[in-house]
Amino acid sequence: MNRTVGAVGAFVVLSIALVAWLAASFMPRPVYVRYRLANVPAVAVTASHPLDFAFDLPEVTPSRIELPVRAWSDGRELALEVAERETGRVLASAVVERPQLVRLDLATPSDMARRLVLRVRAHEYDPTRAPALHFAALQPDYDGATYRGLANVALDEPVANEAAGPLLAFDVAQPARVLLPLWLLVLPGFLLVRRRERATGAYLCGLALLALVTSVLFYDQNCRTNNAQLDADGYAKSATQLARWLTEPEARPAIESWYRGYPHTHNAGVPALLAPFVALGVPVRAAYVELEALAGFFGLLLFYRLLRRRLALSHRAALWGVTLLACHHAALRTFGRPITDGFGLFLVLASLELVLVRLGPAPAAGRSQEAEPPSRANGLGLALVMFLHLVARPQGPALVLFFAGALVVVERWRAGAWRPSAIVRTLLFVVLLPCLAYGSLFLAFGWQQNVRLMLEKAANYHTDFTLLHFAAAFGGLVQLLPLAWCFARLKGRPQPVGIVLALGVFYLVMLLAVRAPLWLRHFLPLLPVAITLAVLAWDSRDGWRRKLVAAVLTLVCVTNVAGTVWLTEHYLEPVHAYQNRRLPEWVWLALYE
C-alpha cells in the first residue's frame, strides 16, 4: 500500500513538472488547416501569376515552415523563400522540382521580425503544366487571433476570399524528443518487475511518464496541421468560459448565452474539473493534458488491480496486461490529448473495479460462501463514478444502464439467491440518486436544447459509419490479439471475466445502435476487454502455447510503440503519401481517425 501511494505521489509531481516543460514548446496553431489534401483546392503558380503571401509568426517561434506542393510536369522549377516583411531579409529559401512536402528551415535570431512574407515564383506560363500550392478556402477562426493573408494570384471560385492563402504549418523543435529512447528500458524493467511485484508501482509510473511524452509529441504533430485537433469537442474552451464565469462577473451573461448554444453543455464535467485551475492561471491545454495523464496513470493502476485481484490472474499476467494497455497506439494517443477519451476509459475501469469488489474473495474449494456486505466507501465510490459518467461523457447514460444491470447480477451471485430488497437498496443509492441529481441539473439549466444541438452535430458524422470505418477501427484496436484469444480458457473466477466480456459486447452494440462515428478513439473502452482475453490466454496455458502468446503480445507492444514514436516526427509524410501515392484509405482511418 505504501509503495502504491509513493508511486502515485511520484507520478503526480513528475507529471506536473513534465507537462510544464512540454507546454513551453507546444506546437502553435497552423496558419491554415490542412486535413485531407484531396478536399483542398490547389492554385497554379505561373510566371505571370507569382504569389506573395503575408502572415505573422505565432508566439512560439517555429524552427521551420512546411507546405505541400502539388504534382506538375517534370523539369518545372518552383522557387520559394520566406523573408521579413518590413526589411526584406531572407530567412529561408528552397527550389523544388517535384511534388513534395516543402520544409523551409528558419534562421531564428533573437531580433527576427514576427511579420513575414512567403514569396513563390515559377518559370512556367501554362497553368496546366505549372506547379501548384494547396489553398485554404476560408480563414479559420482562432477565437479572435487571426492571420491575414494577402495573395496576388487569380483564385478560383472555391477560394475566392481575401483571407485565403496557401496551407502553412509551423514546426517547433521539441527538446522532449531526447526522452523517447527511454522506451528501450521498458523491456528490462518488465523483466525485473515480473520477479518483484513490490516494484510494480514504480514500473507503472515510468511507463505512464513515457506514454505522456509520446502522446504529447504525437498530437503536436497532429495539431500543427489540423487546428480542430487542439480542442476537438470544445471542452478546453468550455473550461476557459467556466473560469471566466468564476473570475469575471461582468462577463457572465455572455458566457451563459454561449453555453446555451454549446452542444456539450450537459456533459461539461471535465471542464468543471479544469475550470478552477484555469481560473488560477494554469494554461488550459496544460491543465487538460495533466488531467488526461492522471486519468491514464490511475487507469493503469486500476487495470492491474482488476486483473490481479478481481480476475485472480498471476502477477506476470497482470503485468502483461498493463504493459499492453500503456503501449497500445489507441491508449498512447489519450495520455496527452486534450479530449475526454482517456478520462472516459478511467471511469470505465473504475466502475468495473468497484462493481467486482462487491463479489468479494473467491469461495473456498468445494464450499459456497456468501461475501461480506460491501462497505459504505464502495457504495459512495460507485455513486460518484456513476454521476461522473453522466456529466462527463455523451455515452454515460448507456454505461450507467450497463453497470446497473451488472450490479443486479453481482448481488444475485453474492447472495446465492434473488433478494429484491438488497437489489433495490443498491440501485437506489448507487444508481438512482446520481441519476436524480443529474436530472435535477438537466431540468434546472434547461439542457434539452443542448441535447438537440448535440444530436444535430452527431448527424454530421454519419458518413463515418461505414463497414470500412468499422474494419479500420476494430482492426486497429485488436491487431494481432485475436491470435492469443484462441488459446484463452476461463480460469480462476469466470464470473468477473464474464462481466468484463459482457461490457465489451454491450459497448460494441451501443456504438452500432446509435450510429456513432466509427473512429479508433471511440473503441477505446473495448481495449481492456481485448487485452483481458489475451492475458487470460497467457496465464491459462503453458509450454509452447504460452510462448506463442508471449511472442504475439511482445510483437504488439513493440510495433505499437515503434509506430507511434515514428509518427511523432513523421506525421505529415503519411498524409502527403496518402494523397499523392494512393495508400489504402484504411491506413488513413486506422492512424488518424
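A quick note: this is a predicted structure, and the numbers were derived from the prediction, not measured.
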Taking only Lys NZ, Arg NE, NH1 and NH2, and the carboxylate oxygens of Asp or Glu, determine whether Glu84 and Arg115 approach each other closer than 4.0 Å. no
Show me the pairs that pass ring pair (Phe, Tyr, Trp, His ring centres under 6.0 Å) and involve residues 330-350, at least two apart or across chains. none
Flag for Glu292-Thr334: side-chain donor and acceptor within less than 3.5 Å: no
Could you walk me through whether Val278 and Leu242 pass the side-chain contact (heavy atoms from CB on, under 4.5 Å) check? CA-CA 9 Å; Val278 177; Leu242 280 175; over 6 Å; no
What residues form a side-chain contact (heavy atoms from CB on, under 4.5 Å) with Val12, not counting sequence neighbours? Val8, Ile16, Leu294
Sequence neighbours excluded - salt bridge (charged side-chain N to carboxylate O under 4.0 Å, His left out) pairs with any residue from residues 275-286: Asp220-Arg285
Report, one line per pair, each donor and acceptor closer than 3.5 Å where one atom sits in a side chain of residues 433-445; sequence neighbours left out.
unit_1	atom_1	unit_2	atom_2	d
Tyr438	OH	His266	O	2.9
Ser440	OG	Leu436	O	2.8

Go through the structure and list residues passing side-chain contact (heavy atoms from CB on, under 4.5 Å) with Leu384, not counting sequence neighbours. Leu388
Partner residues of Leu354 under the side-chain contact (heavy atoms from CB on, under 4.5 Å) criterion, sequence neighbours left out: Asn378, Leu382, Val385
side-chain hydrogen bond (donor to acceptor under 3.5 Å, both in side chains) partners of residues 246-255, not counting sequence neighbours, each pair once: Arg244-Glu248
What is the ring orientation for Phe506 with Phe402, classed by angle as parallel under 30°, tilted 30 to 60°, or perpendicular over 60°? tilted
Under 3.5 Å, sequence neighbours excluded: what are the donor-acceptor pairs made by side chains of residues 267-276?
unit_1	atom_1	unit_2	atom_2	d
Asn267	ND2	Leu390	O	3.2
Asn267	ND2	Arg393	O	3.4

Can you confirm whether the side chains of Gln241 and Ser238 place a donor and an acceptor under 3.5 Å from each other? no
Not counting sequence neighbours, which residues clear side-chain contact (heavy atoms from CB on, under 4.5 Å) with Leu508? List them please. Phe470, Phe523, Leu526
With a 4.5 Å heavy-atom cut-off, do His329 and Leu520 have their side chains touching? yes
Has the side chain of Thr265 got a donor or acceptor atom that lies under 3.5 Å from a matching backbone atom of Gly261? no
Checking Thr214 side chain against Val565 main chain: does a donor-acceptor pair fall under 3.5 Å? no
Per the salt bridge (charged side-chain N to carboxylate O under 4.0 Å, His left out) rule, what does the pair list look like for residues 433-462, sequence neighbours excluded? Asp233-Lys457, Arg452-Glu456
Contacts satisfying salt bridge (charged side-chain N to carboxylate O under 4.0 Å, His left out) that involve residues 507-517 (not counting sequence neighbours) are none
Check for a donor-acceptor pair, side chain of Ser257 on one end and backbone N or O of Pro253 on the other, with a separation under 3.5 Å. no
Pair listing, ring pair (Phe, Tyr, Trp, His ring centres under 6.0 Å) test, anchored in residues 231-251, at least two apart: Tyr235-His264
